[in-house]
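First, the structure itself, so that you have it in front of you.
Per chain, numbering begins at 1; letters A, B, ... match sequence-line order.
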Amino acid sequence: MNVFDDIAGRIRGALAALSTSGTLAADIDHEGFDVETPRDPTHGDFASNVAMVLSKRAGMKPRDLAEAVKARLEGERGFAKIDVAGPGFLNMTMEPAFWHGLVVAVGREGAAYGRSDIGKGAKVNVEYVSANPTGPMHVGHCRGAVFGDALANLLAFTGYEVTREYYINDAGGQVDVLARSAFLRYREALGEDIGPIPEGLYPGEYLKPVGAALAKTHKKTLLDLREDEWLPPVREFAIAAMLDMIRDDLAALNIRHDVFTSEAALSRGKTDKVKLAIDALRKKGLIYEGRLERPKGHDDEEWEDREQTLFRSTAFGDEADRALQKSDGSYTYFAGDVAYHYDKLARGYRHLVNVFGADHVGYLPRVLAIVAAFTGGKLDVDAKGRLRSWRTVGGSADLELKVVSLVKLYKGGEPYKMSKRAGTFVTLRDVVDEVGRDPVRFMMIYRKELEPLDFDFAKVTEQSKDNPVFYVQYAHARAASVFRNAKEAFSDLDPGAELAGADLSRLTDPDELALIRKLAHFPRLTAGAAEAREPHRVAFYLYDLASTFHGLWTRGNDSPHLRFIQATDRSLTVARLALVAATRQVISSGLSVLGVEAPDAMR
RNA sequence: GCGCCCGUAGCUCAGAUGGAUAGAGCACUCGCCUUCUAAGCGAGUGGUCGCAGGUUCGAGUCCUGCCGGGCGCGCCA
């Protein structure tokens, strides 16, 4: 049940009737108008700009058209008052019974309330986290991880078929560094004094267990091998260990990916998928041998002018063509990404969503170019060739990039610098252990993803009561407690059976109706948030809903007749319980989208 | 130098894809616990939506140019 769709449908019905009766031309397009809640409550429950939007097409003045629609709607059930206001707004106030019907709908739909089919079952792949498997997750990874996970939940909630994917960057130099670092710990585990960790290797303690495990498995056999002999098996072993650790870290945040795709595996084994993907681009005339210009604003002595294999990403608006092979003949990271997106598209996704950190923005146009090339689409650019959005358009499938601004770390008000090399980083596990999973998740989503986020470790751990997550959870706990107390007032109460038959006309207080209106927003909110790929809207909505609920609750302190439980009036109690149940349901559903617990009690 | 992102109350941020008189939290002031959980509620103070133009019935939202802050810009990953 989406009341906005309901009202829009009724307006469409009125327009159709007007076309039939000849007031409107029969062939004009009726779409493009909005139904929304006016900011000013005195303007009614709903406002529509239908008359202003259609006035040109109809050849009528907005106010005249509004009056005509109004006359048609006034015969409909549910409308208490309709006004034409301002330049031609249609302001509609509904009967209380209309709102009571929504409580019934929430009760009937239960956990399905707020879900929608706007995704139409389209397959969407959400790729997020994709941290290098060279160490544990740190707080910096946290935001993209939680954002991606909540977005995936949201898309699933709104009718998409979602795959959660992690791209393992297990090729290239960094994992070799990992292998050498692990090898050092292996020697250490065998009793050797390795001294300080050399510059350029990872010093973290987390590699000690890896070294010990290597020693246990291989005894001293690796010591006699040359590096090119021991490195591959050590690398493979260390990567597996790091991935286990990362999976554990993610599980601590309640994040589980469906698919892990290995970068290294793309060009390993029988078929070189990187070569396949590049060949596919070559067939489209997008691969050539050539030279790149020296980049501006960069004066590096090591710059080498060299003829190389290039992808013509400038054809899609990228600022330069991109190299696919390094001078040693191995593939670049970008070449792997070409194959990776080729592979994802081959798996039949209609939408690809990648969550990136803001420090990767410079890389994004070329990724868009890959997908545009494979899907026959293009980048979303304006007349001057500048990007209008981080997505491809017009192809058989599209890629959308979500850029998550970095988290700025503070410790007690002072900026806190992290360095994996120096071993001074705050792990995700540290944060979750101290603050708790729910506050971390909520905090990371309680901000638009493009907005920088200040994360004060000390403040968050010491003053976690300030976190809005408790406010929302508390509303849910209070709702649950009402039911416990109701059982005491009416020992034979059976909510499951009685709520469905509640006499909701007993809900007459303006604040009760205001709460229902808030609940009515939920389906529209989730749909809008999903389309905009903005899970933070759900968090803000829940805060707002919780606030409305707390307000109603507290009014019961001063005005006992407004308390939910009225020991002498079972019918009224049951009606209010139906409202409380609906509120509890929406909070619970909303929190589940965010991946946050909805506790029944908080003390 | 170039590209991207951000600029809204003292601070931290929303603003539902262009709607009517711009909102919330924190902070500050004043009230509310014998009573469904005070991790709560009500009221008040606080604004040139960075600046200047433009588009239209209407702009915090779209366009142009500036100013300020952040991130980034080679075969790294």
Consider the side chain of Thr37(A), meaning its heavy atoms from C-beta on, and name the nucleotide among rA16(B), rC75(B), rC36(B) that approaches it most closely.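 Ranking rA16(B), rC75(B), rC36(B) by closest atom to the Thr37(A) side chain puts rA16(B) first.
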Restricting to ring-ring contact (aromatic ring centres under 6.0 Å, His included), what partner residues turn up for Phe33(A), sequence neighbours left out?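 Counting only residues at least two positions away or on another chain, Phe33(A) forms no ring-ring contact (aromatic ring centres under 6.0 Å, His included).
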Pairing residues for Arg235(A) by the side-chain hydrogen bond (donor to acceptor under 3.5 Å, both in side chains) criterion, not counting sequence neighbours: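 Partners of Arg235(A) by the side-chain hydrogen bond (donor to acceptor under 3.5 Å, both in side chains) criterion, ordered by chain and then number, come out as Asp176(A).
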Students often get this wrong, so: under 4.0 angstrom with heavy atoms, is Ala47(A) touching a base, only sugar-phosphate, or nothing? base
Which nucleotide wins on minimum distance to the side chain of Asn169(A), given the candidates rA16(B), rA77(B), rC73(B)? rA77(B)
Selected nucleotide, minimal atom distance to Phe564(A) side chain, candidates rC36(B), rG19(B), rU37(B):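 Of all the options, the side chain of Phe564(A) is nearest to rC36(B).
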Return no unless some side-chain N or O of Arg555(A) is found under 4.0 Å from OP1 or OP2 of rG40(B).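 Answer no for this pair, as no side-chain N or O of Arg555(A) is under 4.0 Å from OP1 or OP2.
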Is the distance from OP1 or OP2 of rC36(B) to the nearest side-chain N or O of Ser481(A) less than 4.0 Å?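 Result: no.
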Identify whether any heavy atom of Gly528(A) sits under 4.0 Å from a base atom; if not, whether one sits that close to sugar-phosphate; answer base, sugar-phosphate or nothing.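 The answer is nothing, as Gly528(A) stays clear of every strand by at least 4.0 Å.
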OP1 or OP2 of rG15(B) less than 4.0 angstrom from a side-chain nitrogen or oxygen of His536(A), does that happen here?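 Result: yes.
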What residues, two or more places apart in sequence or in another chain, satisfy side-chain contact (heavy atoms from CB on, under 4.5 Å) together with Ala265(A)? Ser262(A), Arg268(A)
Please name all residues satisfying side-chain hydrogen bond (donor to acceptor under 3.5 Å, both in side chains) with Asp318(A), sequence neighbours left out, ordered by chain then number.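 Listed in chain order: Ser313(A), Arg322(A).
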Using salt bridge (Lys or Arg N to Asp or Glu O under 4.0 Å) as the criterion, point out the one residue from Asp544(A), Asp511(A), Asp45(A) that pairs with Lys518(A).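 The single option meeting the salt bridge (Lys or Arg N to Asp or Glu O under 4.0 Å) with Lys518(A) is Asp544(A).
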Output yes when at least one side-chain N/O atom of Lys326(A) is less than 4.0 Å from OP1 or OP2 of rA77(B), else no.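 Checking rA77(B) against Lys326(A), a side-chain N or O does come within under 4.0 Å of OP1 or OP2.
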Please name all residues satisfying ring-ring contact (aromatic ring centres under 6.0 Å, His included) with Phe356(A), sequence neighbours left out, ordered by chain then number. none
Test of understanding: with ring-ring contact (aromatic ring centres under 6.0 Å, His included), list the residues that count as partners of Phe549(A), not counting sequence neighbours. Phe564(A)
Who are the side-chain hydrogen bond (donor to acceptor under 3.5 Å, both in side chains) partners of Arg506(A), not counting sequence neighbours?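 So Arg506(A) forms a side-chain hydrogen bond (donor to acceptor under 3.5 Å, both in side chains) with Asp569(A), Ser571(A).
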Could you pull out all residues at least two apart from Asn557(A) that satisfy side-chain contact (heavy atoms from CB on, under 4.5 Å)? Thr554(A)
Please list, chain by chain and in numerical order, all residues satisfying ring-ring contact (aromatic ring centres under 6.0 Å, His included) with Phe4(A), sequence neighbours excluded. Phe46(A), His521(A)
For the side chain of Arg306(A), counting heavy atoms from C-beta on, which of rA77(B), rG40(B), rC75(B) is nearest? rC75(B)
Which glycosidic conformation, syn or anti, is assigned to rC33(B) if syn requires a torsion within 90° of zero? syn
Given rA77(B), rA14(B), rG19(B), the nucleotide with the shortest approach to the side chain of Phe540(A):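 Nearest listed nucleotide: rA14(B).
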Note every stem involving RNA chain B: at least three consecutive Watson-Crick or G-U wobble pairs, i with j then i+1 with j-1, with both distances under 3.5 Å. B:1-7 with B:67-73, B:10-13 with B:23-26, B:28-32 with B:40-44, B:50-54 with B:62-66
So what does Asp40(A) hit on the nucleic acid, given a heavy-atom distance under 4.0 Å: a base, only sugar-phosphate, or nothing? base
Could you check whether any side-chain heavy atom of Ser116(A) comes within less than 4.5 Å of a side-chain heavy atom of Asn2(A), counting everything from C-beta outward? no
Test applied, side-chain contact (heavy atoms from CB on, under 4.5 Å); reference residue, His476(A); option that passes from Leu542(A), Val596(A), Val586(A), Asp600(A):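 Exactly one candidate clears the test, Asp600(A).
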Indicate syn or anti for rU29(B), taking the glycosidic torsion and treating anything within 90° of 0 as syn.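 Anti.
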Base, sugar-phosphate, or nothing: which does Asp318(A) touch, judged by heavy atoms less than 4.0 Å apart? nothing
Of the listed nucleotides rC71(B), rG3(B), rG19(B), the one nearest the side chain of Ala358(A): rC71(B)
Where along nucleotides 23-33 of chain B does protein come under 4.0 Å, by heavy atom, of base (B) or sugar-phosphate alone (S), with - for untouched nucleotides? -SS------S-
Pick out the pairs of N or O atoms, protein on one side and nucleotides 4-12 of chain B on the other, that lie under 3.5 Å.
unit_1	atom_1	unit_2	atom_2	d
rU12(B)	O2'	Arg447(A)	NH2	3.1

